[in-house]
Amino acid sequence: MARKKIIAVTYSPEKSVWQSCQDLAKNLRTAYQIAFGSSVEFIPSLNPGNALEFKRTAKELLKMSPDVIAFTEPGPNPGQVLCYYDAILEAGKTASQTRKAIFHLYGGGLFLDMPYWQKSEIILKKYKCKFSFSSERQHSLVAPFFLNQKDVSNCAFPISSESFFYSAETRQKFRSRFGLTKKDKLFVYTGRLSATKNIIVLLRNFATYASMNPDAYLFLAGPFDDISLTVFTYLEKRGDYEKRVLKVLADIKHAVGNRIRLLGVLSTDEILSLNNGADAFISLGTYHNEEFGLSPLVGLGCGCPVVLGAWGGFSQSSGDGRDCMLVSVGFTSQGLACSSSDISKAFNRIGQNQEDDQIRMDRSQRFIKRYSPDAIAEKLIELHEVRSKFRGFSKTSDLFMKGPNLAYPMEFLRDGEYRAMYQRYVSASSNTLSSEKNHDLAFRTDWIGERIVFKSRKQFFKEIRDRHEHCFDER
């Protein structure tokens, strides 16, 4: 009888920087257990980023003699673990052992770590590899980074039906708590309140709509995040973005009164109630790695329609026109912009929309089924059919070799090579945005910020933690 395949999955029980990544990783582990049962074992990496821990993890892998090593969580570059693992195999003269590796990459896991990935290239070429991204649009964005584009695949992250679902009773309780009538329309946003999420663009456009619609409300949940352009090495001082948002709220108060509320950081149960009570979830984020969109999926899983910027994986994880209204996003001569006319159309459509409990329940069940751990488990089995050795990274990947000093998004706003690459991130409907006068700039080509040059990645990430530690429980 053939030896049963063992899948050794390394993960860290320590909290990752973002709560959303913790949730995604937890659900992904559940899908692995469904897909491979007792064949999957989890190796805890207790102190990720530490050389001694890399060695310990490599030794544990050797003991388990895995057929496939799957890295399921955000964290230190997996290539470092494989370097130690390879050294142990070579020293023990077991180099003939089958080597396969699966990498589940989150957000900027490829872009920010490109220097480490390229340093690991000589080791990776000994493996049959598959790099998995969570949306087709992210797949198309990164595929040119690889000499063999078959090394890249896409497998969505699952969402938990135990944590997010639709309940008519929950909806009624939430709306009663905040004094909302059946006639009132509640728009919600959950996530980081940061420049990359275009919160100020959202507030100003909502104010325009709410000034003519007294039954419109907007609730935002999440921490203020000064990270702004941190990964682009343009930093704001702690509290700067919150001050900017509060100033905008003061400026528009005459139009909206008290109909915009900042709810702060919410628990999972509170997010469930918020999305159940909402009439629409809205996010206009143009983050440079807006890959998957857990928050919109949570909204859909709670039966809520969504309004999303047509940027990155957001638009692809959210169904068709019945469930998702897209706001055109594209490059203009002034910068990256969102279509104000599309935002206005979406507000008006939700304002006129009449959905009963059955419609919300059907939407909830449809998306929970599509992104359940059971559904993703089937895709994991397909993903693990790795047949070819890794050939290496292409010259295109050199665009991101600047690492922490990547002066971004300035390059992708101005430079033709970056723009051409990021055209894959926008939908076809956004191609005419450059000629549209009615748009809101998300990022300007003349963005003025504090320019920081870091001597090392260690200094870069220390700066992030020092400035943004209060945001690490972001949902």
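Remember, predicted model here, so these are calculated numbers, not experimental data. All residue numbers in this chain count up from 1 along the given sequence.
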*Which heavy atom of Glu355 sits nearest a heavy atom of Gly303, and at what distance?*
OE1-O, 4.4 Å
*asked:* Closer than 4.0 angstrom, basic N to acidic O: yes or no for Arg171 and Asp279?
replied: yes
*Only one of Val306, Leu308, Ile350 forms a side-chain contact (heavy atoms from CB on, under 4.5 Å) with Met325, so which one is it?*
Ile350
*Value rounded to 0.5 Å, distance of CG in Leu89 from CG in Leu82*: 10.0 Å
*Look only at the side chain of Arg261 and the backbone of Leu218, and say whether a donor-acceptor pair between them is shorter than 3.5 Å.*
no
_Six-ring centre of Tyr32, Arg29 cation under 6.0 angstrom, axis tolerance 45°_ = no
*Starting from the C-alpha separation in whole Å, work towards a yes-or-no answer on salt bridge (charged side-chain N to carboxylate O under 4.0 Å, His left out) for Arg56 and Glu53.*
CA-CA 5 Å; Arg56 188 200 66 79; Glu53 186 63 23; 2.8 Å; yes
*For Ile123 and Cys83, work out which heavy atoms get closest and say how close.*
CG1-SG, 3.6 Å
*Is it true that Phe146 and Trp117 have ring centroids separated by less than 6.0 Å?*
no
_Ionic contact status for Asp215 with Lys185, cut-off 4.0 Å_ = no
*Does the separation of the ring centres of Tyr106 and Phe157 fall below 6.0 angstrom?*
yes
*Can you tell me if Ser167 and Asn276 form a side-chain donor-acceptor pair at under 3.5 Å?*
no
_Do Asp357 and Tyr166 pair up side chain to side chain, a donor and an acceptor below 3.5 Å, judged on atom types alone?_
yes
*Please check if the distance between the ring centroids of His104 and Phe133 is under 6.0 Å.*
no
*asked:* Between Gln358 and Asp362, is there a side-chain donor-acceptor contact under 3.5 Å, judged purely by atom types and distance?
replied: yes
*For the side chain of Glu60 and the backbone of Thr57, is there at least one donor-acceptor N/O pair under 3.5 Å apart?*
no
*Please work out which of the three classes, parallel, tilted or perpendicular, describes the rings of Phe219 and Tyr217, given edges at 30° and 60°.*
perpendicular
*Pair Ser176, Gln172: side-chain N/O donor-acceptor within cut-off below 3.5 Å*: yes
*asked:* For the backbone of Val256 and the side chain of Arg259, can you confirm whether one donor and one acceptor N or O come within less than 3.5 Å of each other?
replied: yes
*State, with a plain yes or no, whether a side-chain heavy atom of Glu41 is found less than 4.5 Å away from one of Met64.*
yes
_Distance in Å, Phe206 CZ paired with Asn213 CG, rounded so as to fall on 0.5 Å steps_ = 8.5 Å
_Flag, side chain of Ser273 to backbone of Phe174, donor-acceptor distance under 3.5 Å_ = no
*Which heavy atom in Cys155 sits nearest to a heavy atom in Leu383, and how many Å separate them?*
CB-CD2, 4.4 Å
*For salt bridge (charged side-chain N to carboxylate O under 4.0 Å, His left out), just list the numbers for Asp67 and Arg99, CA-CA rounded to whole Å, side-chain angles, deciding distance to a tenth of an Å, and then say yes or no.*
CA-CA 7 Å; Asp67 291 314; Arg99 304 183 193 187; over 6 Å; no
*Are the ring centres of Phe187 and Phe281 closer than 6.0 Å?*
no
*Below 4.0 angstrom, N of the basic side chain to O of the carboxylate: do Asp323 and Arg366 qualify?*
yes
*Judged by modelled atom types alone, do Thr181 and Asp184 share a side-chain donor-acceptor pair under 3.5 Å?*
yes
_Heavy-atom side-chain proximity of Ile376 to Thr30 below 4.5 angstrom_ = no
_Lys/Arg N to Asp/Glu carboxylate O, Lys130 vs Glu385, below 4.0 Å_ = no
*Nearest non-hydrogen partners of Gly191 and Pro223, listed with the distance*: O-CD, 4.0 Å
*Do the non-hydrogen side-chain atoms of Phe224 and Arg192 ever get within less than 4.5 Å of each other?*
no
_Thr286 side chain to Asn198 side chain, donor-acceptor N/O pair below 3.5 angstrom_ = yes
_CA sep, side-chain torsions, deciding dist, call: Lys253, Asn258, side-chain hydrogen bond (donor to acceptor under 3.5 Å, both in side chains)_ = CA-CA 7 Å; Lys253 189 174 178 63; Asn258 295 317; 2.7 Å; yes
*Show your working on side-chain hydrogen bond (donor to acceptor under 3.5 Å, both in side chains) between Asn27 and Ser160 and close with a plain yes or no.*
CA-CA 7 Å; Asn27 296 338; Ser160 172; 4.7 Å; no
*Going through the checks in order, is the side chain to side chain contact (heavy atoms under 4.5 Å, CB included) test met by Val386 and Val68?*
CA-CA 9 Å; Val386 186; Val68 179; 5.9 Å; no
*Give, for atom OH of Tyr241 and atom CD1 of Ile199, the distance between the pair rounded to the nearest 0.5 Å.*
5.5 Å
*So do the side chains of Leu24 and Ile159 get within less than 4.5 Å of each other, counting heavy atoms only?*
no
_Min side-chain heavy-atom separation Phe165-Met361 under 4.5 Å_ = no
*Using a 4.5 Å cut-off on heavy atoms from C-beta on, say whether the side chain of Ser388 contacts that of Asp151.*
yes
*Under 4.5 Å between any side-chain heavy atoms of Leu272 and Val298, yes or no?*
no
_Counting only heavy atoms from other residues, nucleotides and ligands, does the tally under 6.0 Å from CG of Asp356 exceed 12?_
yes
_Heavy-atom side-chain proximity of Leu380 to Ile34 below 4.5 angstrom_ = no
*Scan Phe103, Phe71, Phe145 and name whichever one has a ring pair (Phe, Tyr, Trp, His ring centres under 6.0 Å) with Phe131.*
Phe103
*Which of parallel (below 30°), tilted (30 to 60°) and perpendicular (above 60°) describes Phe367 and Tyr371?*
parallel
_With a 3.5 Å distance limit and no angle check, can you tell me whether Ser344 reaches the backbone of Ser340 through a side-chain donor-acceptor pair?_
no
